[in-house]
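Just so we're on the same page: letters track the sequence lines, and every chain starts at 1.
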Amino acid sequence: MGTVLETRGVSKRFGGLLAVNEVDLQVEEGEIFAMIGPNGAGKTTMFNMIAGLYKPTSGQILFRGKSIYPIREFWRNYTPLLAGYYAVADRVRRGLGFGPMPLALRPHAVTTLGIARTFQNIRLFSFMSVLENVMVGEHCRMHAQVYDSLLRTPRAVSEERRVQERARDLLKFVGLERYSEEYARNLPYGHQRRLEIARALASGPRLLMLDEPAAGFNPQEKVELIQLIQQIRSQGVTIFLIEHDMKVVMEISQRIVVLDYGEKIAEGPPEQVRNDPRVVEAYLGKPA
Amino acid sequence: MERPKVLAAIGVAGMVLAACGGGPQGGSQTIKGTIKIGVDMPTSGSDASDGLPTSKGAQLAVTKAGKVCGASSHTDACFTLQAMPLDDAVNGVHDPAQGAKNVQQFVSDSTVLGMVGPFNSSVARAEMPIGNSANLAMISPANTNECLTQEPSDGHCAGQAAKLRPTGKNNYFRVCTTDLIQGPAAADFASKKLSKTKVYVMNDQQTYGLGIAQNFAKQFTSDGGTVLDSNLGGFDPGSATISDFKAKMNQAKSQGADVVFFGGTTATKGGLLRKAMQGILDVPYVAGDGISGDQFLKDAAPNAANSYFTVAGPYPQKLSTAATFLTDYKAKYGEDAGAYSAQAYDAGAIIIAAISRAIDDAGGNMPTRDQVTAEVAKTKNYKGVIGTTSFDSNGDTSLKIITVYKWNPDTSKSDFADQVTVS
Amino acid sequence: MTARSQKPAPSSSPSVAARIRGTWSAGTRAFARGSRVPYIVLLLLLVAFPFIDGNQSHIGIAQDAGRWILLALGLNIVVGYAGLLDLGYAAFFAIGAYSYAMLASGQFNVHVPFWFLLLASAFIAALFGVILGAPTLRLRGDYLAIVTLGFGEIVPRVFRNSSKFTGGVNGIVGVDQPFIPKVFGFPGYHFLFNPVPYYYVILAVLVISILLIINLRNSRLGRAWMAIREDEVAAASTGINTVTTKLLAFALGASFSGFAGTYYSAYLFVVTPEAFSFQAVSIVVLIMIVLGGMGNITGVIVGALIIYALQSYVLVQLPGWLNSLQSSINLPFLQGVDLGSYAQDSKYLIFGIILVGIMLLRPQGLIPSAQRKVELELGTQDEAVADLRGSA
Amino acid sequence: MRFFVDTLSLGITQGAVFALIALGYTLVYGIIELINFAHGDVFTIGAFIGLNLIALFGMQTWSPALLVPGLILLFAVTMALNGLLGMAIERVAYRPLRNAPRLAPLITAVGMSFFLEGVLYLVRGPNQIAYPNLFPSGSVSLGFASVGLTNLVIVAVTVVLMVGLHQFIQRTRVGRAMRATAQDRDAARLMGININRIIAITFFIGSALAAAGGIIYGFYNESISFDLGFRSGLIAFTAAVFGGIGNVVGASLGGFIIGLIIAFSTSYTSWGLQWADVIVFSILILVLVFRPTGLLGMRVPEK
Amino acid sequence: MALLEVDGIDVFYGRVQALRKVNLTVDEGEIVSLIGSNGAGKTTTLRAISGLTPPSSGQIRLRGQDISRTPAEVIVGKGVGHAPEGRRIFARMTVRENLDLGAYIRRDGQTRADLERVFTLFPRLKERHGQLAGTLSGGEQQMLAIGRALMSKPQILLLDEPSLGLAPILVDTIFQVIQDINKSGTTVLLIEQNALKALAVAGRAYVLETGRIVKEGSAKALRESPDVQKAYLGI
């Protein structure tokens with residue numbers, strides 16, 4: 001078992017606000033890893049940086065031992081001109097001892113690498129069918145080119161069929177197969193969360209990042225969610241989640257990291273974190 | 001021969017009924033159908049002040065004739081005449097593509113045997129090949145660009161006339177003379193009559209505007225004058241504003257221009273250019289026939305005085321042959337005829353006369369377009385409102401008269417200034 | 001909603017023949033989705049039209065309408081599918097028209113065959129689409145609209161002012177007309193100014209285009225467009241390269257426009273820069289798809305036909321109708337008023353009212369796509385990745 | 001030198017008009033992030049309202065003593081009327097779509113632009129329409145060159161309006177509310193600011209400034225036409241983007257710079273007259289691509 | 001009569017129900033705290049009260065008058081001041097301008113005195129009154145947000161996580177100020193992540209869990225209740 005995801009001294013500054021400050025994380029293969037912390041601790045910012053939505057101000061993010069922002073990947077995703085500029089800047093920074101140039105892969109490229117995510121406030125394609133939502137998730141694993149799409153070549157047709165079958169399997173897996181023709185927006189809230197997970201799984205991730213998957217769930221739904229997450233994990237997908245519901249977090253995670261004010265204040269198994277005075281203080285405050 | 005007499009009757013007095021030989025009371029006539037004559041001019045938008053009076057002139061010829069019968073051998077075979085006026089202006093400005101569509105509409109209607117138009121040379125370039133492929137007789141009252149019909153010896157037309165006639169046959173004629181005459185006439189007027197030596201030329205880059213500007217510049221230089229901007233001041237009529245013209249007039253002033261020549265039309269902002277000169281460059285302004293419509297006065301006000309323009313044709317008010325036409329026109333439309341109304345009237349009448357002869361050729365039946373075009377080409381010494389017209393093998397008229405007018409803002413009319421006849 | 005139960009097509013190695021078969025089977029399946037009978041009847045009627053109606057000017061009108069439909073279908077990919085407001089669509093039309101006019105006329109004495117350029121100009125237009133789109137597609141929607149508007153203003157001006165290459169304001173006259181060469185004993189056929197063969201060309205192009213667009217809509221790419229339109233951030237996080245995908249929409253839309261341009265200049269024998277202004281093309285095509293229903297092929301076609309009829313027939317004939325009505329009613333106070341000219345002058349006004357009215361009263365258009373309908377009624381999450389990334 | 005000064009004054013005068021229009025774009029964009037495509041045509045209508053008022057009161061024949069207060073009144077009334085038009089447009093065409101997808105108000109704005117142009121076309125026809133210049137027509141000699149009085153007055157009026165606007169936005173209660181609304185609509189509501197009213201006021205001010213631009217354009221060019229707004233509007237939008245959209249000072253600056261670019265390229269080159277528009281619209285594209293914040297656009301802090 | 005009564009409100013964001021039949025009352029002069037984990041619906045409750053997110057059913061009464069359908073900008077005038085989540089100060093305006101905007105609705109000409117009061121409460125703001133608010137530190141921004149809400153002279157002040165993102169020393173200051181504000185006669189409804197702090201200053205408190213009030217009572221009682229610890233830490 002190796003490390004799937006590693007962040008080294010990652011920081012993010014928004015204007016005057018240091019949202020994330022020198023955070024080091026290590027997510028091990030096959031585990032369920034949770035990130036908790038009070039509101040505004042920088043958890044979602046961390047997620048967004050890993051997913052390529054934000055560019056870190058400094059620091060490095062590595063996926064399976066390799067930097068998530070290699071110059072070579074960059075070439076593929078940006079115009080050569082820009083990539084050239086970054087390559088030079090990278091050289092200069094390394095030479096001056098500032099570490100590598102923090103580069104951001106664009107989100108789709110991160111997903112293609114094998115990191116999928118869900119959102120805190122569900123972001124489904126509301127006006128597409130449930131099945132289509134999952135099929136969009138498989139987009140980056142499909143190979144049909146424009147001409148395949150235009151001419152509907154046998155290759156495209158068979159791929160389409162395969163993708164559809166897989167999407168149906170995934171829907172069955174999350175228990176939504178009955179709704180496959182429904183608009184995503186017509187699903188009840190809990191189903192929407194499950195659909196978002198199915199869509200993320202469709203890209204075949206090695207690491208699944210869940211942003212508050214239990215938010216707004218009733219206890220019964222939470223139990224089902226925990227089961228689902230464990231099932232996903234048992235299929236070899238590493239889970240990295242942000243969650244506020246401590247019951248859920250404590251129950252399923254092997255390790256927990258706690259952020260407060262953008263800094264890591266604790267890390268370890270649930271029991272240890274729960275009793276860490278700094279954590280208690282971060283959550284409940286120091287008694288006045 | 002009876003024919004010249006008859007034709008004169010159509011043209012001069014518009015005594016239509018006599019034109020069919022027997023008159024209305026000649027009970028032997030039968031109406032065998034309808035023949036349409038297409039009229040294509042820019043009749044909306046800012047071109048309308050030029051195009052509408054011209055279109056009306058052509059329509060007047062058709063309505064006055066009413067019907068057309070065989071000229072001599074089949075005077076009993078008659079057809080009702082009908083004008084089919086179309087507008088080639090899009091968004092208020094003449095548009096070659098729209099002209100092309102209009103001619104296609106004429107061509108696809110088999111009862112259209114001839115057309116009067118178009119007004120603008122750029123439109124003619126788009127229309128001619130289409131008319132040519134159907135051999136539809138086209139007579140333009142106002143196209144003056146020389147490259148439409150001929151290949152001057154210096155080769156500046158680059159074989160365009162031939163390109164515009166894909167079938168190799170000629171179907172295009174005009175009753176006005178060309179810019180080879182008009183441009184130099186304007187140049188002579190500016191240098192000799194107005195005694196100017198430094199001209200600043202502006203042109204709208206269109207077929208007509210650029211062509212007349214080039215012919216003007218050439219003659220002006222050979223008259224001993226200087227053309228200040230060798231680029232001939234080409235501008236984009238779609239977007240140029242007065243401010244842009246002011247910028248150019250600043251430049252002209254700094255170079256010491258004592259006259260400005262404009263190649264273009266009122267619709268391509270000839271009036272605005274005149275207006276922009278106010279307070280910057282107080283010198284005479286000379287242009288071709290493109291600014292003959294009275295919209296120029298409105299656009300150029302209050303700086304319209306001291307503006308001259310040429311017209312490829314005689315001054316109708318001075319012609320005895322035009323008196324009836326001018327009264328008829330005023331009676332029918334309640335306004336004075338435009339600078340090219342008489343030309344359009346003659347163009348219409350020449351086509352009607354040709355159709356009349358073609359009916360004979362067709363043995364009293366509906367003539368074909370080939371027959372009509374062939375008869376138009378044969379037009380010789382046609383005595384019309386504007387004088388005596390014959391077509392040469394290119395389709396150009398023998399009537400080479402240029403009139404120079406001067407705008408008079410006080411009377412809102414243009415006054416006669418000079419006339420040049422080239423023989 | 002798109003179909004979700006396609007039968008597998010006969011699979012074999014992707015030879016050319018198989019690809020064509022693939023296209024064909026998709027087309028028939030598209031028909032099969034509803035009842036295919038009405039479509040086939042309609043197609044047969046359209047094929048037979050020149051035999052039923054001998055009036056060439058009617059055929060001319062029909063082919064012209066076909067060209068507008070083609071333009072509208074192309075813009076629909078950009079606006080309706082990918083949700084990018086392109087106000088410079090006329091530019092690609094102009095590029096298509098000029099590439100044909102410059103490469104197949106006496107202008108440079110180059111005469112590339114029509115059939116080749118019909119396809120090639122689509123590629124040329126697509127190339128320009130990519131050149132414009134690559135730097136600008138990461139801009140937000142309204143900025144993109146203004147950039148394309150600017151581009152749409154630049155292109156005709158460049159054509160107008162580069163007289164050496166494009167004939168300037170006069171345009172290029174004497175564009176080659178298509179002909180079918182002499183092969184296999186076929187005597188060869190020159191189109192000249194006969195609208196009938198053009199009608200068949202545009203009909204064929206339209207049928208193929210519609211089949212291709214249906215394929216596209218139900219493909220990986222079509223889903224990606226829909227996803228981006230709904231939520232760009234989520235789409236990007238789901239693994240869709242938003243820039244490339246949007247670029248493809250832009251390029252494909254442009255290629256349809258280029259297609260139409262080549263056809264147009266061949267038919268008209270002449271191209272002039274005036275024909276490609278914002279007012280004359282871009283806005284008209286936009287109105288067509290907005291009126292008909294963005295994202296829906298049937299809607300777009302109906303919208304195109306309505307607007308075409310309005311601007312090329314109703315508004316042209318209306319003055320005549322009104323004038324005759326006026327003289328038949330013969331009311332004294334109406335005598336001095338030229339109702340006809342008012343009718344003709346009201347084109348802008350009518351277009352404006354249609355656009356505003358549709359957006360306020362029926363934003364989904366007359367015949368909406370099911371998805372677009374709900375979307376426009378309820379709104380979507382509209383946040384570009386670039387926003388989220390700050391000024392990355 | 002004389003030529004240079006002539007060109008300079010031409011460019012500044014032209015730029016003043018662009019700047020006045022650009023302010024309207026920038027204000028509206030700043031507050032509701034809508035590119036008000038119809039703004040160019042609102043400008044044209046402002047010019048026409050002014051023309052009608054001048055004709056209605058026969059102002060051309062007024063004595064110079066009466067003219068000064070008359071002109072002030074003319075500007076005030078025209079600006080007020082045009083401002084009301086702007087408010088009406090916002091109410092009818094944009095407000096109902098405030099929560100619709102972004103495409104919808106954009107398309108409505110394009111439609112509104114066509115509608116206004118259509119009304120003008122129908123009422124005033126396609127031709128250039130003469131406009132009287134009521135500003136003094138003499139010129140001031142600087143020794144080496146002379147500058148038209150009209151130009152001076154135009155620049156003076158423009159500067160007064162711009163400073164006035166700036167003071168209004170910076171110093172008054174409503175101006176503060178406008179800025180607050182532009183920055184954070186929810187927070188502004190929590191201050192008790194009626195968002196709809198503030199947005200309507202913004203449209204009023206933008207349209208009023210455009211009306212002033214319209215009269216100035218009419219006075220200077222002495223000729224207007226129904227389609228004036230399309231090109232002027234696009235150029236002014238370029239100016240707004242160039243200066244940094246949303247930034248009032250930037251819009252003014254951008255207007256003057258674009259005016260000067262056009263004037264100098266047309267005056268000093270023989271190709272400028274043909275290519276000035278292409279240059280301007282290329283600037284638009286290049287700025288949007290490479291520096292969307294424009295010259296003075298502030299970097300909006302990320303949340 | 002209670003100053004503020006929230007009576008069985010339901011609030012939806014789209015299809016998601018954020019609040020379910022929430023009831024709460026605040027009496028004149030109290031500090032009432034609303035605690036609960038993230039996503040429990042605390043912020044939504046405040047937004048519903050100040051009119052930013054109107055409830056779909058139920059009633060909100062201010063001094064007995066129904067304000068549940070009143071627009072936010074009108075509610076301010078009725079005496080509800082709201083310092084929203086994330087501070088939401090106007091970053092591109094000066095501190096002074098932000099405060100002036102706080103008094104936007106007031107036409108009584110007495111704002112001068114309130115400005116002095118805010119400056120007395122937060123001397124730092126006085127020092128920096130000409131500075132752009134965006135350049136303030138997090139704590140100063142929070143002070144500004146509270147000060148700005150005070151400028152409308154509210155009868156009840158809604159505070160949404162005033163300690164969010166602040167250094168501990170500043171948290172103490174803020175809470176001190178909240179108590180000062182309350183002492184000078186302003187009723188306070190406080191949302192706080194920092195539950196123990198909140199319960200220390202509040203007289204009464206409500207515990208929210210997934211959109212419902214699950215517990216209410218005096219702060220003292222709640223402080224000792226294991227439920228609160230559970231709600232936060234899942235113990």
Of D:Ile262, D:Asp227, D:Asn127, D:Val17, the largest count of non-hydrogen pairs under 4.5 angstrom with chain B goes to D:Asn127

Taking the side chain as everything from C-beta on, heavy atoms only, tell me whether B:Leu281 gets closer than 4.5 Å to B:Lys253. yes

Please tell me if the side chains of B:Ile212 and B:Asn203 come closer than 4.5 Å, counting only heavy atoms from C-beta onward. no

Between D:Tyr25 and D:Phe37, does the ring-ring contact (aromatic ring centres under 6.0 Å, His included) criterion hold? Intermediate values first, please. CA-CA 9 Å; D:Tyr25 279 113; D:Phe37 273 103; 8.2 Å; no

How about [X] and [Y]: does a side-chain donor come under 3.5 Å of a side-chain acceptor?
| X | Y | answer |
| --- | --- | --- |
| D:Asn52 | D:Arg124 | yes |
| B:Ser49 | B:Asp294 | no |
| D:Thr13 | D:Asn151 | yes |
| B:Thr207 | B:Asn145 | no |
| D:Gln128 | B:Asp299 | no |
| B:Asp336 | B:Tyr329 | no |
| B:His94 | B:Asp88 | no |

Measure distances from [X] to the heavy atoms of chain B and classify the residue's part below 4.5 Å as side chain, backbone, both or neither.
| X | value |
| --- | --- |
| D:Thr150 | neither |
| D:Ala263 | backbone |
| D:Asp6 | both |

So, B:Ser55 side chain and B:Gly51 main chain: donor-acceptor pair closer than 3.5 Å or not?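 A pair under 3.5 Å: no.
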
So if I take each residue of residues 217-225 of chain D and look for any heavy atom under 4.5 Å from a heavy atom in chain B, which residues do I end up with?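 So far as heavy atoms go, D:Tyr217, D:Tyr220, D:Asn221, D:Glu222, D:Ser223 are the residues that approach chain B to under 4.5 Å.
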
Residues 259-277 of chain B vs chain D, non-hydrogen distance cutoff under 4.5 Å, contacting residues -> B:Lys269, B:Leu272, B:Lys275

If the contact rule is any heavy atom under 4.5 Å from chain D, which residues of residues 242-250 of chain B qualify, in numerical order?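 Near chain D, by residue number: B:Ile242, B:Ser243, B:Asp244, B:Lys246, B:Ala247, B:Lys248, B:Asn250.
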
Heavy-atom pairs under 4.5 Å with chain D - which of B:Gly234, B:Ala240, B:Ala301 has more of them than the others?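 Most heavy-atom pairs under 4.5 Å with chain D: B:Gly234.
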
Verdict with reasoning, D:Phe264 to D:Phe4, per ring-ring contact (aromatic ring centres under 6.0 Å, His included): CA-CA 9 Å; D:Phe264 275 90; D:Phe4 177 81; 5.4 Å; yes

Side chain to side chain donor-acceptor pair (under 3.5 Å) contacts in which one or both residues fall within residues 211-220 of chain B, not counting sequence neighbours: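 Sorted result for residues 211-220 of chain B: B:Glu146-B:Asn215, B:Asp154-B:Lys218, B:Asp188-B:Gln219, B:Gln219-B:Asp223.
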
If you draw a 6.0 Å radius around CZ in D:Phe57, do more than 12 non-hydrogen atoms from other residues or ligands fall strictly inside? no

Does D:Phe48 have its ring centroid less than 6.0 Å away from the ring centroid of D:Tyr131?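 Distance test on ring centres: not under 6.0 Å, no.
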
